[in-house]
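The structure under discussion appears below in the form of structure tokens.
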Amino acid sequence: MSFVEYGDTIKNGDTAIVFLGHESMFPVKVQHGTVTQTKYGVIRHSTDLIGKKYGSKVTCSKGGWVFILHPTPELWTMNLPHRTQILYSTDISIITMMLELKPGSVVCESGTGSGSLSHALIRTVAPTGHLYTVEFHQQRAEKAREEFREHGVEHLVTVTNQDVCKNGFGVSNIADAVFLDIPSPWEAIGHAKSALKAEGGRICSFSPCIEQVQRTCLAMEEHGFTEINTLEILLRVYNVRTISLQIPDLGKASEDNSSIGFDSSNPSNQGSPCTNLQQGTVQFKSGVPLREMVGHTGYLTFATKSLF
């Protein structure tokens, strides 16, 4: 099993995603003799998972069923254990595009955190690219190495435990792009410039506070970066649901009544079918925005290393 190479069959030691629904899923490490509890009953790894194809429907002990999915960076972002606050697919997608990443690219990242962005970067630069990721916290760095090894991508990533603001990324003049997600990114701009290739490259800094953005932009300008711009990505979700609306009354019934001298005030006309007409309704599908939406997550600042 690898996050960058699709496997057809579930094997012992794989990381798989147990899918109960779009709002309910979780990762599981497949192991002989192990069982996993769900609200639909027990899943026995030896008989229910190992040897089955990814995407299979598995019946649990209580009669309910789940799907077993092959892991992807997108699914991992939704299910990973949180060691830090993470980036989600909304920001990740614009980061990979604006950094102009492709297979074979070399990327420097700090900090590694929970590895949400790291897995997406690895998948994007595979099979010939490489990710150099720096994490200040020793335990988080060790856990990241362990996960990359379990996910079959350790040959595509180098994890370093050090302070990027003091010691840099440990590489020079090889990176196509640099990503910073640290409390004081302005202190690492010089090291980012050193890590980028001499012929140029792209940099991105993620910061939740506008004061951090201001200081980072000033540092980028001081180090000769150009095309500096900051943006914020907001996701607005729409629900598709059935709407019922009344058919509009265009006045035809009133015209017909007046043409025959109909007088609704006349007691003899009370209860007439014309006065009890039920206006019809029509149903159709419509996209309706949610009453609440995810607001501010962070600011993304992009820049290009100048050749001069």
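When a residue number appears, it is its place in the shown sequence, counting from 1.
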- Task: Answer yes or no: is there a donor N or O on one side and an acceptor on the other, between the side chain of Arg202 and the main chain of Met98, under 3.5 Å?
- Result: yes

- Donor-acceptor under 3.5 Å (Lys305 side chain, Lys193 main chain): yes

- Message: Taking CD in Glu142 as the centre, count heavy atoms belonging to other residues, nucleotides or ligands within less than 6.0 Å. Is the count above 12?
- Response: yes

- Query: Heavy atoms, side chains only, cut-off 4.5 Å: are Leu20 and Met25 in contact?
  - Reply: no

- CG/Asp48 to CH2/Trp65 distance, rounded to the nearest 0.5 angstrom? 15.5 Å

- Any ion pair linking Glu74 and Arg123 (charged N to carboxylate O, less than 4.0 Å)? yes

- Message: Could you walk me through whether Thr133 and Thr112 satisfy the side-chain hydrogen bond (donor to acceptor under 3.5 Å, both in side chains) test, starting with their C-alpha distance in whole Å, then the side-chain angles of each, then the deciding distance to 0.1 Å, before giving a yes or no?
- Response: CA-CA 6 Å; Thr133 183; Thr112 312; 2.5 Å; yes

- Task: In sequence, state the C-alpha distance, the side-chain angles, and the governing distance for Glu150 and Thr15, and then conclude on side-chain hydrogen bond (donor to acceptor under 3.5 Å, both in side chains).
- Result: CA-CA 8 Å; Glu150 291 178 352; Thr15 297; 4.8 Å; no

- Any side-chain donor near an acceptor of the partner, Thr124 and Lys102, under 3.5 Å: no

- Query: Is the shortest heavy-atom distance from the side chain of Pro27 to the side chain of Leu80 under 4.5 Å?
  - Reply: no

- Using atom types as modelled and distance alone, determine if a side-chain donor or acceptor of Ser56 lies under 3.5 Å from a backbone N or O of Lys53. yes

- Inter-residue atom distance Ser61.OG - Arg44.CZ, 0.5 Å rounding: 6.0 Å

- Roughly how far apart are Leu117 CG and Phe206 CZ, rounded to 0.5 Å? 10.0 Å

- When you check the gap from the basic side-chain N to the acidic O, do Lys143 and Glu146 get nearer than 4.0 Å? yes

- Task: Search all heavy atoms of Phe225 against all heavy atoms of Ala303 and return the closest pair with its distance.
- Result: CB-CB, 3.9 Å

- Query: Within the distance-only criterion (no hydrogens, no angle test), does the side chain of Ser114 pair as donor or acceptor with the backbone N or O of Thr84 below 3.5 angstrom?
  - Reply: yes

- Thinking salt bridges, do Asp176 and Lys197 make one under a 4.0 Å N-O criterion? yes

- Report, as yes or no, whether the 6.0 Å neighbourhood of atom CD on Gln139 holds more than 12 heavy atoms from other residues, nucleotides or ligands. yes

- Minimum heavy-atom distance Asp14-Met1, with the two atoms named: OD1-CB, 3.0 Å

- Query: Hey, does the side chain of Thr38 reach the backbone of Tyr40 with a donor-acceptor pair shorter than 3.5 angstrom?
  - Reply: yes

- Item | Same cluster (ILVMFWY, side-chain, under 4.5 Å), Val58 and Phe26 | yes

- Can you check whether Ile92's main-chain N or O pairs, donor with acceptor, with Thr96's side chain at less than 3.5 Å? yes

- Side-chain heavy atoms under 4.5 angstrom apart, residues restricted to Ile, Leu, Val, Met, Phe, Trp, Tyr: same cluster for Met78 and Leu69? yes

- Message: Quiz question: by atom type and distance under 3.5 Å, do the side chains of Thr226 and Thr304 form a donor-acceptor pair?
- Response: no

- Message: With side chain to side chain contact (heavy atoms under 4.5 Å, CB included) as the criterion, how do Glu109 and Val134 come out once you've worked through the C-alpha distance, each side chain's angles and the decisive distance to 0.1 Å?
- Response: CA-CA 6 Å; Glu109 174 198 28; Val134 177; over 6 Å; no

- Query: Is Leu101 reachable from Val4 through a run of hydrophobic residues whose side-chain heavy atoms are each under 4.5 Å from the next?
  - Reply: yes

- Which pairs pass salt bridge (charged side-chain N to carboxylate O under 4.0 Å, His left out) with one or both residues in residues 151-175, sequence neighbours excluded? none

- Under 4.5 Å between any side-chain heavy atoms of Met220 and Thr301, yes or no? yes

- Item | Heavy-atom closest contact (Leu156 atom, Ala126 atom, distance) | CD1-CB, 3.7 Å

- Item | Verdict with supporting geometry, Thr230 and Cys217, side chain to side chain contact (heavy atoms under 4.5 Å, CB included) | CA-CA 9 Å; Thr230 299; Cys217 289; 3.9 Å; yes

- Message: For the OH atom on Tyr88, are there more than 12 heavy atoms of other groups (residues, nucleotides or ligands in this structure) within a distance under 6.0 Å?
- Response: yes

- Sub-4.5 Å side-chain heavy-atom contact between Thr36 and His45: yes

- Task: Please round to the nearest 0.5 Å and tell me the distance separating atom OG of Ser105 and atom CD of Glu100.
- Result: 9.0 Å

- Message: If you define the side chain from C-beta out and look only at heavy atoms, does anything of Val28 sit under 4.5 Å from Ile43?
- Response: no

- Cluster overlap Leu196 with Phe169, hydrophobic side-chain contacts below 4.5 Å: yes

- Hey, is Glu135 close enough to Arg83 for a salt bridge, meaning N to O under 4.0 Å? no

- Message: Any non-hydrogen side-chain atom of Phe3 less than 4.5 Å from a side-chain atom of Ile122?
- Response: no

- Single-linkage hydrophobic cluster Phe302~Leu121, side-chain heavy atoms < 4.5 angstrom: yes

- Task: Would you mind telling me which of Tyr6, Trp76, Phe19 makes a ring pair (Phe, Tyr, Trp, His ring centres under 6.0 Å) with His70?
- Result: Tyr6

- Message: Just verifying a value: how many Å separate Leu131 CG and Thr158 OG1, rounded to the nearest 0.5 Å?
- Response: 8.0 Å

- Query: Among side-chain atoms of Thr77 and Ser116, is any donor-acceptor pair under 3.5 angstrom?
  - Reply: yes

- Task: Locate the shortest heavy-atom distance separating Tyr299 from Ile210; write the atom from each residue and the value.
- Result: CE1-N, 3.7 Å

- Note on the structure: Heavy atoms of Ile182 and Gly111 approach each other most closely as CG2-N, 3.7 Å

- Item | Heavy atoms of other groups near His296 NE2, more than 12 under 6.0 Å | yes

- Message: If you apply the rule side-chain hydrogen bond (donor to acceptor under 3.5 Å, both in side chains), what do you find for Lys52 with Thr9, and how did you get there?
- Response: CA-CA 6 Å; Lys52 300 291 181 63; Thr9 306; over 6 Å; no

- Query: Roughly how far apart are His151 NE2 and Ser2 OG, rounded to 0.5 Å?
  - Reply: 10.0 Å

- Message: Keeping Asn161 on the side-chain end and Phe136 on the backbone end, is there a donor-acceptor pair under 3.5 Å?
- Response: yes

- Closest non-hydrogen contact found for Gly200 with Leu307 is N-CD2, 3.6 Å

- Message: Is it true that, when you exclude Gln214 itself, more than 12 heavy atoms of the residues, nucleotides or ligands shown sit nearer than 6.0 Å to its CD?
- Response: yes

- Task: Determine whether Ile243 and Val288 make a side-chain contact, defined as any pair of heavy atoms from C-beta on separated by less than 4.5 Å.
- Result: yes

- Query: Is Ser110 reaching over with its side chain to a backbone N or O of Leu180, donor-acceptor style, under 3.5 angstrom?
  - Reply: no

- Do Trp186 and Gln212 touch side chain to side chain, with heavy atoms closer than 4.5 Å? yes

